[in-house]
Protein chains: 2
Amino acid sequence: MISLDANSSPTPEELPPEIDGLRMTKQRREVFSVVLAERDHPTANDVFSRSQKRMPTISLATVYNCLEALVSHGLVRQVNFEREPSRYCPNLSDHCHFQDEKTGTIHDVVFKEGVNLADFLELPQGTEVSHLEISLKGQIGSN
Amino acid sequence: MISLDANSSPTPEELPPEIDGLRMTKQRREVFSVVLAERDHPTANDVFSRSQKRMPTISLATVYNCLEALVSHGLVRQVNFEREPSRYCPNLSDHCHFQDEKTGTIHDVVFKEGVNLADFLELPQGTEVSHLEISLKGQIGSN
DNA sequence: AGCAATAATTGGAATTATTCTAATTCGAAG
DNA sequence: CTTCGAATTAGAATAATTCCAATTATTGCT
Ligand SMILES: [Mn+2]
Ligand SMILES: [Mn+2]
Ligand SMILES: [Zn+2]
Ligand SMILES: [Zn+2]
């Protein structure tokens, strides 16, 4: 289990050689550590440029490959806002996303204690939900 | 106010020359009537091919332009599932979307009586939500 | 260690939904 | 009827993402 402490995210070297059955290659560790390092929901391109600092030879294709591997193994979440480029989120707890229309900044939003989906949606009974995405946009109360 | 009765949607000719301050050109009426005709959440391309039946000279660019005009005037909703092409929905009531992973079919899902956003989300106080999108994927209980 | 098999990485090309551009056409208003 | 801003059009451009084929790295044997 990877620590998500706000003030100390693992360097690539600190990540184990395998997580959850996923082989952690040098590139995957780099990409994962970049996603873990900041909670700003970077795009693939953001991850690419940040990764290049430590690993100048990494390619954008590899960043996409690594992100896809991490997402499909449940280590990272992919976040979408309308037709904008996908963003990546290291927060695996149940949450959704709010984008400040002024700045573009994305904030994690958690569900209130003990609420669950079926409680507020009129879902056709027997429905098995495998994926849920809630995206909000608006303004932060600034006054 | 446009009728949304399941079994009689307006033909282009039946639509007025202006709705809500939006000038309804021949093409906009055609596109709007196509979106109103079926509740299957067509993509821009779907709308294009359906429109071409009645109006063979309409262009894809125009379909995009018309959909954009209709969406920004609140007459049609734009619906997104992850990175898939946008879809368009004539249902203006408060609802969200469920996509059957088997068939790709999209179903409208309504909120239970009297629930409201702030009731289940831990939103930073003072937040003004201007846009909300909830997208679900999964399987319909088939047994 | 040496070797074969397998998986990951890479640069560049391809894909594709959508947007842009510049020219033409339309239509409301006078 | 003319004018003029708005809408439509065909086609080019854009941009995020995926694909491809070649190279490189890693794993699992002997
Ligand atoms: Mn997702
Ligand atoms: Mn929307
Ligand atoms: Zn998040
Ligand atoms: Zn809908």
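First the proteins, then the strands, lettered A, B, ... as listed; each starts at 1.
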Quickly work out the [X] [atom1] to [N] [atom2] distance and round it to whole Å.
| X | N | atom1 | atom2 | value |
| --- | --- | --- | --- | --- |
| Leu22(A) | dT26(D) | CG | C1' | 14 Å |
| Arg23(B) | dG5(D) | CZ | P | 13 Å |
| Phe48(A) | dA15(D) | CZ | C1' | 15 Å |
| His73(A) | dA7(C) | NE2 | P | 12 Å |
| Met24(A) | dA25(D) | CE | C1' | 16 Å |
| Glu68(B) | dT8(D) | CD | P | 12 Å |

Testing the basics here: between Ala44(B) and Tyr88(B), what is the closest heavy-atom pair and its distance to 0.1 Å?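 Here Ala44(B) and Tyr88(B) meet closest at N-CE1, 3.9 Å.
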Quick one: CD1 on Ile106(B) to CG on Asp100(B), what's the gap to the nearest 0.5 Å?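 That separation rounds to 10.5 Å.
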Ignoring hydrogens and angles, state whether a donor on the side chain of [X] or [Y] is under 3.5 Å from an acceptor on the partner side chain.
| X | Y | answer |
| --- | --- | --- |
| Glu82(A) | His131(B) | yes |
| Arg87(B) | His97(B) | no |
| Asn45(B) | Thr43(B) | no |

Using a 4.0 Å heavy-atom cut-off to protein, can you give one letter per nucleotide of nucleotides 9-22 of chain C, 5' to 3': B if the base is in contact, S if only the sugar-phosphate is, - if neither? SBB-----SBBB--
Residues Glu84(B) and Lys137(B) bridged, charged N to O under 4.0 Å: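 Here Glu84(B) pairs with Lys137(B) in a salt bridge, since their nearest N and O are under 4.0 Å apart.
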Which residue pairs satisfy the salt bridge (charged side-chain N to carboxylate O under 4.0 Å, His left out) criterion with at least one member in residues 48-61 of chain B, sequence neighbours excluded?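 Found Glu13(B)-Arg54(B), Asp40(B)-Arg50(B).
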With axes from five pairs an end, tell me the bend angle of the helix from dA1(C)-dT30(D) to dG30(C)-dC1(D), nearest 10°.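 If I round to tens, the end axes sit 30° apart.
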Sidechain-backbone polar pair: Arg83(A) side chain, Asn80(B) backbone, donor-acceptor under 3.5 Å: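 The answer is no, because no donor-acceptor pair under 3.5 Å joins these two groups.
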